[in-house]
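Notes follow the structure.
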Amino acid sequence: MTLTLTPMGDGTPAGDLLNGLNAAQAEAVSTTEGPVLIIAGAGSGKTRVLTFRIAYLLRLGVNPSHVLALTFTNKAAQEMKERISHLVGGGVARSMMAGTFHSVFARILRQFADRIGYTPSFTIYDTDDQAAAIKAVMNQLGVSQQVLPVNGVRGRISSAKNSMISWQEYVRSADSIIEKQTGQIFEEYEKRLAQSNAMDFDDLLLNTIRLLEHHPDVLETLQDRFRYLLVDEYQDTNRAQYQVVTMLARKYRNLCVVGDDAQSIYRWRGADIRNILDFERDYPESKVVRLEQNYRSTKTILAAADSVIKRNTKQLKKSLFTDNIEGEKITVLACRDDREEADMIARTIRSRVEKYGYSYKDVAILYRTNAQSQALEDALRRGNTPYHIVSGVSFYKRKEVKDVLAYLRLLVNPNDTESILRVINEPARGIGATTLERVQEFAVRTNSPVFEVLSNIETVPMMQARTAKAVKDFVGIIARYQEMMPELAPASLAQAYIEATGLPQMYKLQQSEEALDRWNNIERLLDHIAEQQELDENMTLINYLEQIALLSDADDPKLGTERIAMMTMHAAKGLEFPLVVIAGLEQGLFPLAKAETDMMEQEEERRLLYVGITRAREQLVLSYAERRYRFGELVFSRPSMFLGEIDKDTLAPSARSMTGNNAREAAPRTAPSSPKQSSYSQVGQGESYSQLPMPKRYTSVSQPKPRGVQGPAPEGPSSVKVGQRVKHPMFGAGTISSVSGTGQSEKATVLFDNGQRKQLMVAFARLEAL
DNA sequence: ACTTAGTAAATTCTC
DNA sequence: TTTACTAAGT
C-alpha cells in the first residue's frame, strides 16, 4: 500500500483513513486520546474500526511499540496485524504488541520472571496439568477423590484466582468442609507450582498483577511502553484482566475498549459484565461511541436476532439497523431424531449450495455442545460433503503428542514436576508407582524439586540398584540435551532428543495400526517445530511451547478452506458466514437444562443464540430433534423456548419433512415470556413442533421433572426425596440423606445400610424405590 | 512392575 | 458411547 497522503477527512496525514467510514466509526477511529468505550453491535464493522484506529494512530506518528492490542484469540491478533500492515506497511506494524491477555502477559512475565521468583523458562500448565497437580496434592494430603472430585476443586481454585483471591484469603473465608479442604489443597497446589517453576493460565494474569503491584518501576516501564491500549471483546474480560488493564492505563488513560454486552457469553468462566457496564463510571471523562449500523446481515436475520435478545432484561440500550436487503426467511427444520436432523441439515446445505451458488466454505453449522458434532459428521460423510470441525487443540491433546511436549518442556524447565511424572516411565523404564511415591515424598520432606531428588537418587532411602540406574539414565538424557541446547537449533535438537528418549521407537516397534498412528503424530509434531522455526529463525523452544500452550479452538488455521465449518457457538464468536445452520434447538440442550430455572443462566444462553444468529449474513436455518441419543441412550425433548421468541414474521413456512404419525398439531407447553406470542404453531400451516408423550430425561419448565429413580416397573418414574428408602444393585438398601443439583446432574447422597455413604448421579445410578 | 479386565462415571462452554 | 480408574493376575 502506498503512502500517498491526500489530505482529506480531518486534514491530518491519517485523515484519508476516515473516508468510507460512517460517522460513528470515524469518531471511534479518530478519538485517539483519553478513554473511549466503543459499543459495537454485531456486524457493525468492529474489526475494521479497530484496525483503522491503530493504523490512524501510527500514521499520526505514534511509535508502534507504544501500542498494545489485546484480543480474544491469537488468530484475531494475527489478522489484525496483517490488516494494519496493509495500511501502514509491515515494518511499522511488526513492532506493535498484539495478542491475547494470556500470550502478551506470558511474554512480559518471562522478561521480568526473576522479579517474582520464577526463571524465564517457566512452564505454562494447561487444564490437564492443573488437574494432575491437584490430584497429586490430594494424594499427598490423603484426601479422597471420591469425596472431593478433582474437577470441582480445580473449578473452585480457578474461580478464586479469577477473582484474585489468594489461598490465604480463601482459607480465611472458608466455612464449609468442602471449602476448608479446598483451601488446604489450594495452598499445597500453589507451593507445588512454585516448586515446579510453573504457572497455570490464571497465574499468567495474577502474577502480572503481582508484578505490577509490587514493583512500581516495572509498572512505570510498562505504562510508558504501552501508552495506547486497546481491548477487544471487553464484555468477556474477567476481574483479573480488568485489574491489569486498569493499572496499565492509569498513567496515560489512553484506553480504548470495544465490546457488546449482548454478546457476553463467558460468564461461566469468570467474565464479569460489570467491566463494560461500569466503564463510564470508572472513566468519567470517557467518550462513548455506539456502532449501530449492521453491515453484515439481512434485515430478516437482524430482526430475528433482535426479537430474541430483547427478552433479556439487563443490557445497554442500543438499536441495530441495517440498509441491507430483506433477504430470505429463516427455515426451521423439525426432525424426528438427531440422525434425521443431521441428514436434513446435510441435504439442506447441499441443495442451497446448488441453488444459490454458495461454496462450502460459505457455510457453518453451529451447535451448543461438542457432542452434537458426531451425528452431523456421520451425515456429511455419508453424503461425501467436505466439512471441518473447528477444534484446533485436539491434535495436541493426544497422548503421544502430550508426551513429546512434556519431554520438551523438561528440557527448558527440568523442575516441571507434572511433566516428569508424565514421561518418566514412558516408554517403560522400570520406574514404577512405588518409586515415584518415595521420590515425591522425599522431595516434599526435604523441600527440594523433584528433578533434584532424581539427580541425586542414591540419597533416597530404599532405592533398588536397578531402579536407581533407570532413574540415572532418564536424568542423563535430559541433562545431555540440555547441554546441547545453546549449540543446536530447536528443531534439530528436538529431533535428536526425542529420538533419544526412545518414545518414537517404542511405537514404531509395536507395529499395530494404532501405534504407527501415534508414531506418525510424533513425526508430525517434530515437522511442525521445523516449520515454525523456518517461519521465524529466532524461535526458541520456549516460544514454541508457549504458543502451543496458549492455543485455542478458535485459532484453527483450517477455516476458510473449501469445507463446511462446524463448531460450537462459543467458537463462532467473531466469525461470519453467508449461510449458518444452528442445530439442536431443544429444551434441555439449548438452553441447557440448568438454564431453565436460573434466569442469569437463561439470559446467557439467549445471548449465545444471539451470537449464533448474528453470524449469518444471508441465510439462516434452525433445527431441532424430538429425540436424540445421549450417553448412548434415547432421550426425548421438546423444541427450545427460544424458537417461540423469534419474531414469527422472519420464519418461513417450511415444508415439513417429517413422516408418518407425528405430524400432530400441538403448541409447546413452555410458557412464552411475552403474551403476544402465545404459540408458534402458526409457523407454517399444518406443521407443528409436536410434543412427545413422555420426556424422559430432559427437564422442562412447565412439567414436573420425571427423574431417574425407577420404581419396580421401569415406566413409573418417581423423584428422589430426602429420607426415601432406595435399593442399589451394588450397595443394597439405603436411605437418601441429601439431594443436590437438578435434572441430569442431580446427585443424591445415600447412606447405605452397610454403613457406606455414597454420592450418586441419580440419572446413572440404577436406584430402585423401596 | 506391568498388563488386562472390569466397572463407574460422564457430556457445556475455555485462555 | 467412550473414557478413566481400580483390582487382580502374571
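Protein chains get the first letters and strands the later ones, always in sequence-line order, with residue 1 at the start of each. Atom set for the values below is all heavy atoms of this structure, side chains included, hydrogens, waters and symmetry mates excluded. Since this is a predicted model, take the numbers as computed values, not measurements.
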Is there ring stacking between A:Trp268 and B:dC13, where the centres must be under 5.5 angstrom apart and the planes under 30 degrees? yes
Is there a donor-acceptor contact under 3.5 Å linking the side chains of A:Tyr629 and A:Asp337? no
Do the side chain of A:Arg368 and the base of B:dC13 come within less than 3.5 angstrom through a donor-acceptor pair of N or O atoms? yes
Take atom C1' in B:dC13 and the same atom in C:dA4, then report the distance between them in whole Å. 22 Å
In whole angstroms, the gap separating P of B:dC15 from NZ of A:Lys397 amounts to 9 Å
Can you check the A:Glu586 CD to B:dT12 C1' distance for me, whole Å? 15 Å
Specify the residue among A:Thr467 and A:Tyr266 whose closest nucleotide of DNA chain B lies further upstream toward the 5′ end. A:Thr467
Between A:Arg409 and A:Thr123, is any side-chain donor less than 3.5 angstrom from a side-chain acceptor? no
Rounded to whole angstrom units, what separation is found between the CD atom of A:Gln547 and the P atom of B:dC15? 14 Å
A:Glu601 or A:Thr434, whichever maps to the more 5' nucleotide of DNA chain B: A:Thr434
For A:Asn207 and A:Arg210, test the side chains for any donor-to-acceptor distance below 3.5 angstrom and give the result as yes or no. yes
In whole angstroms, the gap separating P of B:dA1 from CD of A:Gln464 amounts to 8 Å
In terms of side-chain geometry, is the basic nitrogen of A:Asp128 or A:Arg422 positioned less than 4.0 Å from the acidic oxygen of its partner? no
Of the listed nucleotides B:dC15, B:dT12, B:dT14, the one nearest the side chain of A:Leu592: B:dT12
I need the CE-P distance between A:Met569 and B:dC13, as an integer number of Å. 11 Å
Establish, yes or no, whether the cationic atom of A:Arg239 lies under 6.0 Å from the six-membered ring centre of A:Tyr242 and within 45° of the ring axis. yes
Which part of the nucleic acid, if any, lies within contact of A:Ala371, taking any heavy atom under 4.0 Å across all strands shown: a base, the sugar-phosphate backbone alone, or nothing? base
What protein N or O atoms touch nucleotides 5-7 of chain C N or O atoms at under 3.5 angstrom, if any, and at what distances?
residue : atom : partner  : partner atom : Å
C:dC5   : OP1  : A:Lys135 : NZ           : 2.5

Using atom C1' in both nucleotides, what's the gap between B:dT12 and C:dC5 to the nearest angstrom? 24 Å
Short side-chain N/O contact to B:dC2 OP1/OP2 from A:Asn425, under 4.0 Å: yes
Are OP1 or OP2 of B:dC13 and a side-chain N or O of A:Asn370 less than 4.0 angstrom apart? yes
Would you compute the distance between atom OG1 of A:Thr237 and atom CD1 of A:Ile276 and round it to the nearest 0.5 angstrom? 8.0 Å
Can you tell me if the side-chain N/O atoms of A:Thr435 get under 4.0 Å from OP1 or OP2 in B:dA1? yes
Looking at CD1 of A:Ile134 and OH of A:Tyr125, how far apart are the two atoms once the value is rounded to the nearest 0.5 Å? 12.0 Å
